[in-house]
Number of protein chains: 2
Amino acid sequence: MKPEVRLIVQQAIEDLNFVPNSIARSLVSKKTNLIGVIASDISTSFFSSTLSYIEEAASQNRYNILVGNIKDNLDKELKYLQVFKEMQVDGIIIMHEMMDKHIERFLQSLTTPTVFCSAKPNSSVNCPSVNIDDMQASYDTVKHLISLGHRRIAFIGGDTKELSTGRYRYDGYLKALVEAGISVNPDWVRFGNFKLQDGYDIMQTFLQSEQLPTVVFAVSDDMAVGALNCIVDHDLKVPDDISLVGFDDSSITETVRPKLTSLHQPIQQIGQMSVDILIKMIEGQSPGVKEVVLSHKLVERSSLRSLL
Amino acid sequence: MKPEVRLIVQQAIEDLNFVPNSIARSLVSKKTNLIGVIASDISTSFFSSTLSYIEEAASQNRYNILVGNIKDNLDKELKYLQVFKEMQVDGIIIMHEMMDKHIERFLQSLTTPTVFCSAKPNSSVNCPSVNIDDMQASYDTVKHLISLGHRRIAFIGGDTKELSTGRYRYDGYLKALVEAGISVNPDWVRFGNFKLQDGYDIMQTFLQSEQLPTVVFAVSDDMAVGALNCIVDHDLKVPDDISLVGFDDSSITETVRPKLTSLHQPIQQIGQMSVDILIKMIEGQSPGVKEVVLSHKLVERSSLRSLL
DNA sequence: TGATTATCTGGTAACGTTATCAGATTTGAG
DNA sequence: CTCAAATCTGATAACGTTACCAGATAATCA
């Protein structure tokens, strides 16, 4: 094309105020540049952070995101998956791990590239996932607590359904305990739904048990902060009376006093990776990986003290 | 249509695994059922909550949302607005109040229904908006502080550009002060960007001023919590040494000790209303209103004490 | 049974783009 | 000035729907 013609065309675009119609373009090209994202609950700090990193990575690659906030409602999840399919999205990211038969069947017959972000699909569903090693992460932190002299270690877990992050984290807790020859006190193990209030309520029961734990390990920062609030509401001190460790290393760890020591998940990397893999699949390449496991680490702040 | 024919068709849909193609449908119907949302920063509690209410209201009306997270980057905002136009979204919700010439011009010539949510457009842009009366809200809370005997009232404001929420809230602060015959101490007035760290940093400067304020009023909960952390990091106590009041009444008010008293914004209503008005416009009705002003109230928790 | 209405069938055009191709026109090299 | 290559022009089909219409068939009422 000659440069002068290009100018004339550009002038015409200006004059006529022409804006291309992506819908028509998509219809013929069969490419929408849309990524559908299913999120458990975007008003939560973990998911809203992850979502913002997904958005960032997507927009850098000229993809736009359609968000489906399902608030743990499986019907809404299925509905969104169907809508995504009708809308011909190029790919789907799922940040939710529960599944029912309908969703499972839908996903099995779905040809749209899909990746699980900070969640794993049932084994019958063949989608790549991006996670940390939850079991190892949990094991590592409990082992660290033990190395600090703790023996009375309470656990605030998450949903413990098979193959869920909640299950893995619980397994890691158990493994570290049995390995150290510490018997599990059932009074000190409770499961919530990752929310702040769950942590508060569960901590309440711990505080009523005969003997107090020396440390409580919560499987989300929100629950850890709930526990923290419960503790200070009972005029006890963290970490002097009870130590506290969270999970995720979300921003809430720094908004609270004492600052919360927490198991760090590389959220940015998780979001970015999910998008990268998805785009590879969209472009017809093999994802290259089935399960991406990113590395974790414990970041120490001020809510955990040594007993030695 | 006869019911038996309906059955046959439904059977065929099942057998062929037919899924309608919304893209093709949209092309002919000129309706995408898409709402584009521009958000300042979705990883922030205020915006992620509002967004989740917007999503809820939209999905109840069979609309899907496309989110553009601009992180206060005006170029990205313009880019998203253009993309929204190309994608033929049915409507746009803007949760951001800064504007430059490009955006202003774009919006002036845009025919897509648009509403501002918790933000107001420049007067040259004719879009409805949903807000509280920021000036009145700020005025009311400062007046309340005064009625509690406070005279040394510090202010952590937001961006103070014309017609912005930050400006209105500052005006309310000033009005209440002059009305009570209290002179404004410039050492006790600082402006941040609504983030926690801003509150922390600004509080630091207050703590270094000759005389300490008896209360600080921050124009977002995040900044208030930042201030709170700064205060406790200096071994001072809230509200014994310094009282604290936030703005928004977001969930952070309850995640922090002492619980933060804060000016309540009806976030759910704001999100819902924005969507309702937008949908009215999309359906060709007049929005009915130009500026919706919802009511606010101060919700008292434990960070404010009376001096009387 | 015949007239009237309800329902079905199949065909066509349109939405705004992209891909492709044939033919016309311009450009550059020798 | 000629010929090949580069560039332009205009036309056509396709993407998967919906709207519309004419004509055929079936159901309903008198």
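Within every chain, numbering begins at 1; the chains are lettered A, B, ... in the order of the sequence lines, protein sequences first and strands thereafter. Below, all heavy atoms of this structure are taken into account, side chains as well, without hydrogens, waters or symmetry copies.
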Between the protein and nucleotides 19-29 of chain D, which nitrogen or oxygen pairs are less than 3.5 angstrom apart?
residue	atom	partner	partner atom	Å
D:dA27	OP1	B:Lys2	NZ	3.4

B:Asp133 and B:His296: side chain donor to acceptor below 3.5 Å:
no
5'-most by nearest nucleotide on DNA chain C - B:Ala24 or B:Val5:
B:Val5
Is there a side-chain contact between A:Leu34 and B:Met87 in this structure, where contact means two heavy atoms from C-beta onward sitting under 4.5 Å apart?
yes
The single option from A:Asp159, A:Asp221, A:Asp41 passing salt bridge (charged side-chain N to carboxylate O under 4.0 Å, His left out) against A:Lys195:
A:Asp41
Interatomic spacing from OG in B:Ser250 to NE2 in B:His264 - rounded to 0.5 Å:
11.0 Å
Tell me the interatomic distance from A:Leu27, atom CG, to D:dT18, atom C1', rounded to whole angstroms.
13 Å
I need the CD1-C1' distance between B:Ile13 and D:dT17, as an integer number of Å.
14 Å
Just wondering, do B:Tyr80 and A:Ser59 contact through their side chains at under 4.5 Å, heavy atoms?
yes
Rounded to 10°, the angle between the first-five-pair and last-five-pair axes of the helix from C:dT1-D:dA30 to C:dG30-D:dC1 is 20°
Side-chain heavy atoms of B:Leu81 within contact of B:Glu77, under 4.5 Å
yes
For B:Arg6 and B:Lys30, find the nucleotide of DNA chain C closest to each by heavy atoms; which residue's nucleotide sits nearer the 5' end?
B:Arg6
Can you confirm whether A:Ile252 sits close enough to A:Asp222 that some side-chain heavy atom of one is under 4.5 Å from a side-chain heavy atom of the other?
yes
Main-chain N/O of A:Lys120 paired to A:Ser129 side chain as donor or acceptor, under 3.5 Å
no
Lys/Arg N to Asp/Glu carboxylate O, A:Lys76 vs B:Glu55, below 4.0 Å
yes
Do A:Ser124 and A:Glu104 have a side chain donor and acceptor closer than 3.5 Å?
yes
By the 4.0 Å heavy-atom rule, please label B:Val19 as base, sugar-phosphate, or nothing.
sugar-phosphate
Exam field: side chain B:Asp198 to backbone B:Asn193, donor-acceptor pair closer than 3.5 Å:
yes
Going 5' to 3' along DNA chain C, which are the first and last nucleotides with any atom under 4.0 Å from a heavy atom of chain A?
C:dG16 to C:dT27
